[in-house]
Amino acid sequence: MEPGNDTQISEFVLLGLSEEPELQPLIFGLFLSMYLITVFRNLLLILAVSSDSHLHTPMYFFLANLSSVDICFTSTTIPKMLWNIQVQGKTITYAGCINQIFFFSVFGFLENLLLMVMAYDHFVAICHPLHYTVIMNRQLCGLLVLVSWIISVLNSLLQSLMLLQLSFCTGMEIPHFFCEINQVVGHACSDTFLNDMVIYFGIVVLGCPPVAGVLYSYSKIVSSICRISSAQGKYKAFSTCASHLSVVSLFYCTVLGVCLSSAVTQSSHASAVASVMYTVVTPMLNPFIYSLRNRDIKRALKRIIRVPMMYVPIVLRLKKCP
């Protein structure tokens, strides 16, 4: 990798969300709290799904995969950001930046594809309930997740390999708290036409179809719900997909908000602040949304929490024994 001044670049500078020293402890505490909540709640949701046999269904299988992706998605960026604040540094190695872009792209596209797969699952459950168990069998569920992984990894691999062909000037500053691919490509010293084409290809060919699939699925779902005669039946059908619809709306609205803020303000700092919504806030809120009105999840979570609490009185009695 040879930059314009014939010296090899070894690291980038991440400017972060703010350069004010007095704000760094507040940012560190806030993001550490959100990261711990994200990891704990999503791990708890995965444990609840895996430990309760009543939740071994396609819907909860996809939900557990989504929780795993949320943990990985957040872990790609936040730990490095927290480490830089702790050591009062802003650098990231060239290899670390490429790896961060690769994994961020993998889990970002994977979440997008899983949301489409979950929308299809709800579409089959509501529009074709009699054939649901036949259509959404274990083989198909596993295949859908596997194909989502393959598409995400191949796309991210292509993006990363194209980045390796670029030349960068020394002392390059990225006005973000992680290596965002558009920012990195935009600061390259060499021609970025092919890289821009690959990025647009990923957005149009791999990003738009899942969105269209989600919209199509929910248009059919709404049409089927409207044909239900009883109010109780409509409420039951709507409650089946209400949580997922909330998560879909939150994810796509935050991503759209980042795109609009970048286009309107032309400020890299504003874009970095807006990206916090879909990189940190959305993965943190997803498990809360799914467990808010879901009785099965609540029951499984109560069972998990109750088990450790049952051992507390026993331990206390043992300590009192001579």
Side-chain angles (χ1 to χ4, degrees), residues 38-39 41-76 102-159 202 205-218 220-221 224 240-248 251-252 282-283 286-287 289-291 294 296-297 299-301 303-304:
T38 300
V39 174
R41 289 292 302 189
N42 280 287
L43 282 177
L44 199 61
L45 190 57
I46 295 172
L47 182 60
V49 172
S50 60
S51 62
D52 194 333
S53 59
H54 296 91
L55 301 182
H56 294 174
T57 62
M59 180 177 69
Y60 295 110
F61 170 72
F62 296 134
L63 178 57
N65 278 274
L66 182 66
S67 294
S68 302
V69 171
D70 281 337
I71 293 175
C72 297
F73 187 49
T74 308
S75 299
T76 303
F102 172 78
F103 288 108
F104 184 84
S105 179
V106 167
F107 298 119
F109 270 99
L110 187 56
E111 177 147 355
N112 189 25
L113 292 173
L114 283 178
L115 290 176
M116 180 190 66
V117 170
M118 296 175 73
Y120 174 72
D121 175 68
H122 285 90
F123 162 73
V124 177
I126 294 177
C127 299
H128 305 282
L130 299 180
H131 301 91
Y132 178 77
T133 56
V134 177
I135 298 175
M136 299 303 296
N137 53 68
R138 290 187 177 183
Q139 290 77 13
L140 180 61
C141 293
L143 182 62
L144 289 173
V145 173
L146 178 61
V147 170
S148 299
W149 269 99
I150 293 175
I151 293 175
S152 301
V153 170
L154 290 178
N155 172 70
S156 301
L157 187 61
L158 177 61
Q159 302 274 8
V205 177
L206 300 179
C208 294
V211 178
V214 170
L215 293 176
Y216 175 79
S217 297
Y218 276 101
K220 293 295 184 180
I221 288 173
S224 298
T240 302
C241 56
S243 298
H244 180 254
L245 185 59
S246 302
V247 169
V248 167
F251 179 76
Y252 289 127
T282 299
N286 284 351
I289 294 173
Y290 276 109
S291 59
N294 193 307
D296 295 330
I297 293 292
R299 183 177 64 250
L301 291 175
R303 187 181 298 109
I304 293 174

Nearest 0.5 Å, what's the [atom1]-[atom2] distance between [X] and [Y]?
X	Y	atom1	atom2	result
Met136	His128	CE	NE2	12.0 Å
Leu66	Ile71	CG	CD1	10.5 Å
Phe102	Asn155	CZ	CG	10.0 Å
Ile126	Ser224	CD1	OG	7.5 Å
Leu47	Leu301	CG	CG	9.0 Å
Ser105	Leu110	OG	CG	10.5 Å

Closest approach of [X] to [Y] (non-hydrogen atoms, all atoms of both residues):
X	Y	answer
Pro283	Pro287	O-CD, 3.3 Å
Val134	Asn137	O-ND2, 3.0 Å
Tyr290	Ser243	CD2-CB, 3.7 Å
Phe61	Cys141	CE2-O, 3.8 Å
Val106	Val153	CG2-CA, 4.1 Å

Task: Residue pairs, two or more places apart or on separate chains, that pass side chain to side chain donor-acceptor pair (under 3.5 Å) and touch residues 49-59 - done: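 Of all non-adjacent pairs touching residues 49-59, those that pass side chain to side chain donor-acceptor pair (under 3.5 Å) are Asp52-His54, Asp52-Arg303.
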Open item on the list: Run the ring-ring contact (aromatic ring centres under 6.0 Å, His included) test against Tyr218 and tell me which residues pass, sequence neighbours left out.
Closed with: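 His244.
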Quick one: does [X]'s side chain get under 4.5 Å of [Y]'s, heavy atoms only?
X	Y	result
Ile297	Tyr60	yes
Glu111	Asn286	yes
Ser156	Phe103	no
Phe107	Asp70	no
Thr74	Asn42	no
Phe62	Leu144	yes
Ile151	Phe109	no

Return a table of donor-acceptor pairs under 3.5 angstrom between the side chains of residues 112-122 and protein atoms on other chains or two or more places apart.
from: Asn112; atom 1: OD1; to: Tyr252; atom 2: OH; distance (Å): 2.4
from: Asn112; atom 1: ND2; to: Gly207; atom 2: O; distance (Å): 3.3
from: Asp121; atom 1: OD1; to: Tyr132; atom 2: OH; distance (Å): 2.6
from: His122; atom 1: ND1; to: Met118; atom 2: O; distance (Å): 2.7
from: His122; atom 1: NE2; to: Thr240; atom 2: O; distance (Å): 3.2

